Each structure stands twice: as C-alpha cells, then as structure tokens.
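Reading through the structure tokens given below for one structure.
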Amino acid sequence: MEYNFKEIERKWQQRWKERETYKVKVDPSRPKYYVLDMFPYPSGAGLHVGHPLGYIASDIYSRYKRLTGFNVLHPMGYDAFGLPAEQYAIQTGQHPAVTTERNIARYREQLDKIGFCFDWDREVRTCDPGYYKWTQWAFLRMFGSYYDYDRQQARPIEELIAKFEKSGTEHLNVACTTPLDFSAAQWKEMSEKQKEETLQNYRLAYRADTMVNWCAGLGTVLANDEVKDGLSVRGGYPVEQKRMKQWLLRVTAYAERLLNGLDNLEWSESLKEIQRNWIGKSTGAQMFFDIAGSPEKLEIFTTRPDTIFGVTFMVIAPEHAFTEWLPTPEQRPAVDAYLAETKKRSERERIAETHRVSGVFTGRYAVNPFTGKEIPIYISDYVLAGYGTGAIMAVPAHDSRDYAFARHFGLEIIPVVEGGDISKESYDAKAGKMINSDFITGLDVKEAIPVMFEEVEKRGLGKKQINYRLRDAIFSRQRYWGEPFPIYYKDDIAYPLPEEKLPLELPPVADFNPTEAGEPPLARVKGWATPEGYPYETSTMPGFAGSSAYYLRYMDPHNDRELVSREADEYWRSVDLYVGGIEHATGHLIYSRFWNKFLYDLGIVCEEEPFRKLVNQGMIQGRSNFVYRIKNSNTFVSYGLKGNYDTQEIHVDVNIVRNDILDLDAFRRWSPDYANAEFILEEGKYICGWAIEKMSKSMYNVVNPDYIVDNYGADTLRMYEMFLGPLEQSKPWDTNGIDGVNKFLRRFWRLFFDRDGKPIVTDEKATAAELKTLHKTIKKVREDIENFSFNTAVSAFMICLNELGNCSKREILSPLTVLLAPFAPHMAEELWETLGNTTTVFDSRMPDFDPTLLVENTFEYPVSVNGRLRFKKVLPLGIDPKEVEKAVLADESAQKWTEGKTPKKVVVVPGKIVNIVI
RNA sequence: GCGGACAUGGUGUAAUGGUAGCCACGUCAGAUUUAGGAUCUGAUGCCGAAAGGCGUGGGGGUUCGAGUCCCUUUGUCCGCACCA
C-alpha cells in the first residue's frame, strides 16, 4: 500500500483533537518552554505558502522541546483589529466584525490542515471585548503613571501630585513633554483644568497638541513606523505633518532601558542594530549662544563641541519659537515669505528635495561664546523642529549640509580639523588633528570632544546632554475598528473610566467612512457617552495596542480578573522563542518591549524583557513565469526563440506551468483571450521565462498551501518549506523541487510496509554500520534543530535513508520515527502506531545518540604536496604525528609526487590532513 | 550620505581554517512498465580524447593550507535618512 497521506493526516488531526494532545497546563514539576509565533492579521486573501514558514519552524521546535521533556506553551491567535477590515467595510458596507470572523474561520481551516501543535484552547483575538478589556486596562494604568528618572521606573501619578503639593517642580527628574517650573503654592492655585493639563505633561499615556503624521487618504493619524518615504505603509497614501490633539504614549521615557535591554537578548545583530538606530541615542552638548542686542539666548544641541571654533553661522527651524520675534524689521517680509513657502511644502516634497538648499537671514547675530565673534542667524528647513532644540550651530567646514548652505549664501568656511580639502566639499571626519582652535589646537578630535564638554560646563554655557531620535508613539486613530479609549470628557478634561467599568465595548455603527477633517466614525454615534452624558473619546487605539501584550494573555487567557495571574506569569515568565518577520523591528517589537517594561515596573509581570530569543524567518518570494506573445497576435513563442520576434512578456499562472514547461491546454482554458492561442515551440515544448518577485495575485505566482497539502500532504509541505533554505533567509518558492522531500517520505514509509500494506518491520539485530548511521543522524538532526538549521536537518534524514538502503529493523526505525516526528508528525504517529505503541509519539522521548558508536578507528589522510591534494593514506587514528609523517613519506605515492626530493617541511594535522612542502 | 547583511554549478543550497559543491531539483543515459508527472540504477562544476588543468564576484594579504580570517574593490538586498 502506498503512503496515503490524506487518510493519515485526517485521522491524526482528528485524534489529536479528541485526545487534547496539545493542551498544556501550568506544571511546576516540569521545566517550561514558551514558543510564540507573531499572530497573523486575518486578511481576506487567506494564507499563501509563505505565511506558514515561521509557524512550521516554531512547530518543529515546539514538538522537539516537548520530546526533550519540556512543558511547551505554543499558542496561536489573531491580531484582528485594523485598517484592511475597515477599508473593506467602507467599500462593501459589511461590518468588520463579520468579515473578520469569516477570515478567521478561513485561516483556521488552512492552519489546521498543516498539523500544528497549537493549544487552541488559549486562542486570543484582539477584537474580543474579553481581550481588549486588558488593552484598555493597561492604557488606564499608563494614564495613571509617570516616569521617575531617579528610580528608573514608572510610578503612580498620585506620587507626583503629592510632590507638587509639597515642593512643586523643585529637583524634579521625571519624563515630560516640556520642562515646567512652578512652586507648590502655584500648583495649589491652579484650577482643576490647569492641574490636569499640567499632569498631561507627565503622564505615560497623555493627550497633547502635537505635530502628527496625518494621512488624509486613510482619514487617520499614523505612528512614525507606519509611514515610509512620506507615504502610509498601508495603502501608500500621502502623509502630511499637521498639528492635532492626540493621545500619545511616552515611549521616550524608556529610551535608555529599551536600548540597554537589547544587549542581553538573543536577537540577530541586524535586528538589534535596527532598534538601536531607531532609538538613535546621541551624546552631545547643550549650549546657549548669546544673541546680540537681546537678553534671550539661543539653545542648541551639538555632538561636535570640538568644532566650535569653526562655527560661522546659526540656523533655526522654521517652526522655532524665535522666528516670531527674532528677525529684524527689514528682514521680516523675507522671513514671512520663507515661512509661508515652507509651510506649503508637503512632507513628501521636503523628503524628495532633501538636497535643495533654501533659507533666509533673520538680520540678527549670535555671539560665538569661545571667539566672541558675531555670527549671522538663519532660518532653514534643513533644521528639524522635532530634534534637539530645533536650532544648530553650523560648522560648514565639517558638515556637508552646513557646507551646502554656506556655499549657497556665501558664508565663511573655517576648517578646524586637519586633513580635508574644503574647497570642493566638507570634511565630515570624526578623527584628525584640531587646527585653528585656540586651546584645543593640536589635540585629536577624540581628545578634544571631552575637553570641550568640560569647558562648556565650566564656563556655564551649557551641559552634556543625551538626545534620542525615538519619539513618543501617537496612540489615537480616527477610525472605527479598534479598541475604544476608556476615557470620557468633562469640561474638556480627560477622565479615566473606572477599571470595573471595563471593557468599554465598541458600539455598532452603520457608516464606517472616515472624514477628511479627521472626525472619527465614533463621533457620529448617538449616545457614545457615559450614563451621565459625558462624551467618550471618539478615536480608537492603533493596531499595535492589541499586539503589545498578547503573549501575556496566552499564559492565562480565560482569567477575567487579571491580565495574567501571578501563578501563570511566574511559571511561563516570558517568551523563550519568538518567531516572526523582521518588518516589526521598529513597530511591534519596540512597543511590546515598552509595554512589558511598564508592566514590570508596576509589578504585574516578573520579567523585564518579553522575548528572550527571536528568530526572523525570511520572506518567501514568488517565482513568476512568463509567456511571450508576438505583438499584435495571439501567437506565443517559447522562451529560447523569443529573440527572433518582437514579443511582449506576460505573466502566466505558475499553477499551469511545470518545470518551466507550459501546459498548453490549461493555458487555453486559463483565460478566454487565450482560448485560440497558437504556439511556437522548441523541441516540442513551450518553455516559460521566470523571475523572482514578490508573491502576489497580480503576478500570478501565488501558491496556496491548501493546494500543496491536497496534492502532497501536510508533512511534505512542512519538510519542503524547511528544505528550501536557511530559515532566516529570503528565498523564492518553487513547487518544482517538492518531489524530493515527497519521495523521501514515501521511501521512509516503504521501510515499514510492503506493496500490499503489510507491516514488514522485523526484530532482527541492527548491524554496526546501521547503528552508526542511526546515531550519526540523531546527533546531526538534534544539533541542527537546536541551531534552527532545519534545512540541513532535512538533508540529514535523506542521507540517513540513502545509507540505510532497505533496512526494516525495529531497532533502527523506532528511534528514527521519533526523530522525524517534529517534521512529519502525521506520518510519525501512524508509523509509531504500526510499531505497536498505544501512546502518541509525542509522549515519548527524543532518542539520544551514543557517542561511542561514532568513534572512528582509522582515518583516510588527504595528503597534499605543495598545497595541492595528491593522494590519500589510510592510517590508524590516534597515532603519533611523527608516525603519520613517517608512514606517509614511505608511501609509494609520496615518492612519485615528491619526485624523490627531500621535503623542506611536512605538516601533520592529526585527524585532518598531511601537507608536504618540497 | 550613514549603518547592516550577502555574493559558491543550469536552480535551491552544503562545507568546527583542512578532499569545495553534501542533500535535493533539473538534465542526460539505462532498467522496468500498456502507459507515466510511477519506481529503480548510473552520470552530471568548467575546459580537455586523456593525462591533467581551472574553479566559491574582482584585486591583494595572513597561513603549510582560505569559500571561510584581514585589507581593498564591484554588485545585490535591507534598515535609517537634512537627527546637528
């Protein structure tokens, strides 16, 4: 009987369900292991073969860990709030809850076919009120907290209020939007509204009037990680900067901890580097420059205080507060014209015209505190309002942007670091000897910087300062399909809903359309207010809200009193292995770490970092096929002959192409346009061209996992996805190679059964060679799984089978079945049962290898002469290198290759090689 | 511009500094079969009839020995980007 995967897979998926094989409980008697996949957003398109790649890898690892004695938590759920469902609702009028439910059902069906060991009893959905209750709850806790830099943790806002009452802002060292200065008496005199506005300056979740990324196309604001090149990541609509009142999370308070925490994580260096860049820490100096004829001082931030003697002008951002009063009356009209012009330019234009130099002179001068020289102050949009103080000291000799500006406006350029030629371009060096720099002349840049830090502080010009590129996360979206804020307003003061009122459920609406003005759908809901009639916040939370702490909820998903119980949290602690795409590097993976650190500060969770080890699976790309139509005809010419004609390249569905050979009849059926297509063949075949592209419907290169499961089985799909290449690497899907792993599984099956389906496993004793093959494979496969090198593990199985021939001995096949179980669980279960076992294969243990079986007695030394391999010499292992040398030189092959000369040198690497130099 | 990763047959890839190309796909040949998108066997980096030579993007270095380490250069991909 042939391997009937359909029947076997159905049977075992059914049994696993009935027996609750994958149900996990807290079990202090066993070590735990938590394997997590980034949960999917259930889109309407369903899964393609790329989506399960990471799930398969984590499933193999989970099963492996279970087989080595761990109590493995491996849950799955859905990130179900979000824009696509809402966009779909706008187009079709179907409620997002309905389409989401339908998409989830489809996802589940597809996932189930692949045979994952998820504990579905722990499923979470971010759009479920029982789930988002805890998202809202965490938000309330952030609203009720501030960040104390001295204690390096979040604290209840009540402590801050008590402090204000006692001593105002004296000696305050806390995270805030803008530094404030008031006394206890002043605090007490404030109205309730003023007090609340003041507190918003400190809360970890706060409302502020800030510049935000406004996307009119989506009718909502977006976080920085949701915008790329001035366009929304979703949909690609233009994004502009707009001042709006928004909710934000004070992620910046945790910048230093988010940065330092990376050091102890087992994440790829590249991912850590992305996060480090995103946080963007830079150490520099804050400095105050006097302004000629004014008591005001201009505050700037610089990382290069050593170049102070090269400062020849100052630049402030167009949004800088000084633009209101600084310009002289003569310059006022020019300044106003410039400010109006920059305001008109969209963010996209600014990005596109990065190197266009523009600016205007204010007519005023600052004083270089070290030289006493007066230097002009300019306004230019190359200085960003949002970074540092929105003002810079310009050193044209050593900064390319300052250089371009100086050249454009004919400003002085003074070199202060030796080595560059500043006649054509700036010399942006971070090393070299200082020149033209008074008391630091002659020092190296690296020595000069700390000297200047000290000097700046000594002279009272400013102090050392650390800046981050990271911004607070904009937390409101003017959309419907998200978590409502548990906030209501009274006299425009925001009040938190009491925790016992949670969840605040999303009300039904009929019209999902956003408005260009930014009026959210909830604003049109009658009665969207507390029972007393106070209106609720009408925006909703962004996509990352629900995904920020979902890994905690899996630990204790049915608990309606706590986010996670202490018992569950202390047992499962944090995610040991997290598998997912790198695209979340600056979004979810930052927010989650922030969220978790906040909960850690509050004592809700016991681990500060949520994801100990993280593996980024690569993207599966599509492999597109092309046909070549002769222009203005319905004749298609084969790939090799297309050069002879004027052709047009057309994507063709990869599912009607095999090994790049087109199925002509299927092609004629594919589209009515091609029903009468004619072909010019080569060697009787139509060969298609191909290219690697993104897997997408429009390229006709989407391969559905259902199709693979139906035709080859889930076990083949699982093994083939792993066999494609290293997990972390992006690679194209090519169904052509799948026969290799399918053949392997069928051959393995035939070791257990004859043609008639009769079991043929014997109790005959295994030979030494068979045992050696078995143990070599066990060693290799186990090491490969530990190293996430699943592709080479699959190869190891194939090599094993090639070496075993047709060995049907229980002594060999029984451990091999267990070893194979993580990869091909359905087949392994069936064969395990065939071997007479009554329990599931996953209740047994991974076989250990016997190192004594792998010891070699002899070694075939490769012998090279002058670095070139010439012959081999078999010698006993472990003999003295001198003996090896003697034996090799005595060999007649050595005589031949050395032509009888006495070697200058003989290098013997025991167990490796012998090299003779003549 | 800054930062990171990568470069090996027709294809996917494999190689603790030690016989480059394991394992597969594809291709070719053979066996078996009414038939094959089945099964089995063999060949398959390039040049060469062979002996042999040449081969891991290019150039250089360290080493008895380099795909692997170092320098340099080219190309591809990714991240950030007027961040002072």
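Atom set for the values below is all heavy atoms of this structure, side chains included, hydrogens, waters and symmetry mates excluded. What you see is a predicted model, and the numbers here were worked out from it, not measured in a lab.
In this structure, the side chain of A/Asn277 does not engage the main chain of A/Gly280 through any donor-acceptor pair within 3.5 Å. A distance-only check finds a donor-acceptor pair linking the side chain of A/Ser638 to the backbone of A/Ile687 [under 3.5 Å].
Using Watson-Crick or G-U wobble geometry with both donor-acceptor distances under 3.5 Å, B/G67 finds no partner in any strand shown. Base pairing of B/C6 is made with B/G75, judged by Watson-Crick or G-U wobble geometry with both donor-acceptor distances under 3.5 Å. Base pairing annotation: B/C22 forms no Watson-Crick or G-U wobble pair, as no partner gives both donor-acceptor distances under 3.5 Å. Look at B/C80: its Watson-Crick or wobble partner, with both distances under 3.5 angstrom, is B/G1. For B/U62, there is no paired nucleotide, since no Watson-Crick or G-U wobble pair has both relevant distances below 3.5 Å. When both distances must be under 3.5 Å, the Watson-Crick or G-U wobble mate of B/A15 does not exist. Across all strands shown, B/A29 pairs with B/U41; the Watson-Crick or G-U wobble distances both stay below 3.5 Å.
No engagement by A/Pro732 is indicated, since no non-hydrogen atom pair under 4.0 Å with the nucleic acid exists. At the heavy-atom level, A/Ser400 lies nowhere under 4.0 Å from the strands shown. Using a 4.0 Å heavy-atom criterion, one finds that A/Phe723 contacts the bases of the nucleic acid, with or without backbone contacts as well. Counting non-hydrogen atoms under 4.0 angstrom, A/Glu269 reaches nothing in the nucleic acid. Looking at heavy-atom distances under 4.0 Å, A/Asp734 makes no contact with the nucleic acid at all. Contact annotation for A/Asp402: no contact, since no heavy-atom pair falls under 4.0 Å across all strands. Looking at heavy-atom distances under 4.0 Å, A/Asn467 makes no contact with the nucleic acid at all.
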Reading nucleotides 36-43 of chain B from 5' to 3' and marking B where a protein heavy atom lies under 4.0 Å of the base, S where only the sugar-phosphate is that close, and - otherwise, the string is -BSSS---
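Taking atom OH of residue A/Tyr720 and atom P of nucleotide B/A24, one finds them 14 Å apart after rounding to whole Å. Going from atom CG of A/Asn742 over to atom C1' of B/C25 covers 13 Å, rounded to whole Å. Between the C1' atom of B/U19 and the OH atom of A/Tyr861 lies a distance of 14 Å, rounded to the nearest Å. Taking atom CG on A/Leu384 and atom C1' on B/C80, their separation rounds to 13 Å, with Å as the unit. A/Lys731 places its NZ atom 19 Å from the P atom of B/C25, with the value rounded to the nearest Å. Following rounding to the nearest Å, A/Leu259 (CG) and B/C80 (P) show an atom-to-atom distance of 17 Å.
Nearer the 5' end of RNA chain B, as judged by each residue's closest nucleotide, is the contact made by A/Val914, out of A/Val794 and A/Val914. Nearest-nucleotide positions on RNA chain B for A/Ile799 and A/Pro726 put A/Pro726 closer to the 5' end.
Applying the 3.5 Å distance criterion, the base of B/C80 shares no donor-acceptor pair with the side chain of A/Asn277.
Here A/Arg750 does not pair with A/Asp756 in a salt bridge; the nearest charged N to carboxylate O distance is not below 4.0 Å. A/Glu786 and A/Arg782 are not joined by a salt bridge, as no carboxylate oxygen comes within less than 4.0 angstrom of a charged side-chain nitrogen. With respect to A/Glu803 and A/Lys776, a salt bridge is recorded, a charged nitrogen being found less than 4.0 Å from a carboxylate O.
Note that A/Arg623 lies outside the cation-pi zone of A/Trp733, set by a 6.0 Å cut-off to the ring centre and a 45° limit from the axis.
Of the candidates A/Asn701, A/Asp653, A/Asp660, A/Asn625 forms a side chain to side chain donor-acceptor pair (under 3.5 Å) with just one, namely A/Asp660.
The two residues A/Arg276 and A/Leu259 make their nearest non-hydrogen contact at CG-CD1, 3.7 Å.
Neither OP1 nor OP2 of B/A84 sits under 4.0 Å from any side-chain N or O of A/Tyr382.
For A/Pro862, the side-chain atoms get nearest to B/U19 when compared with the rest of B/U19, B/A84, B/G18.
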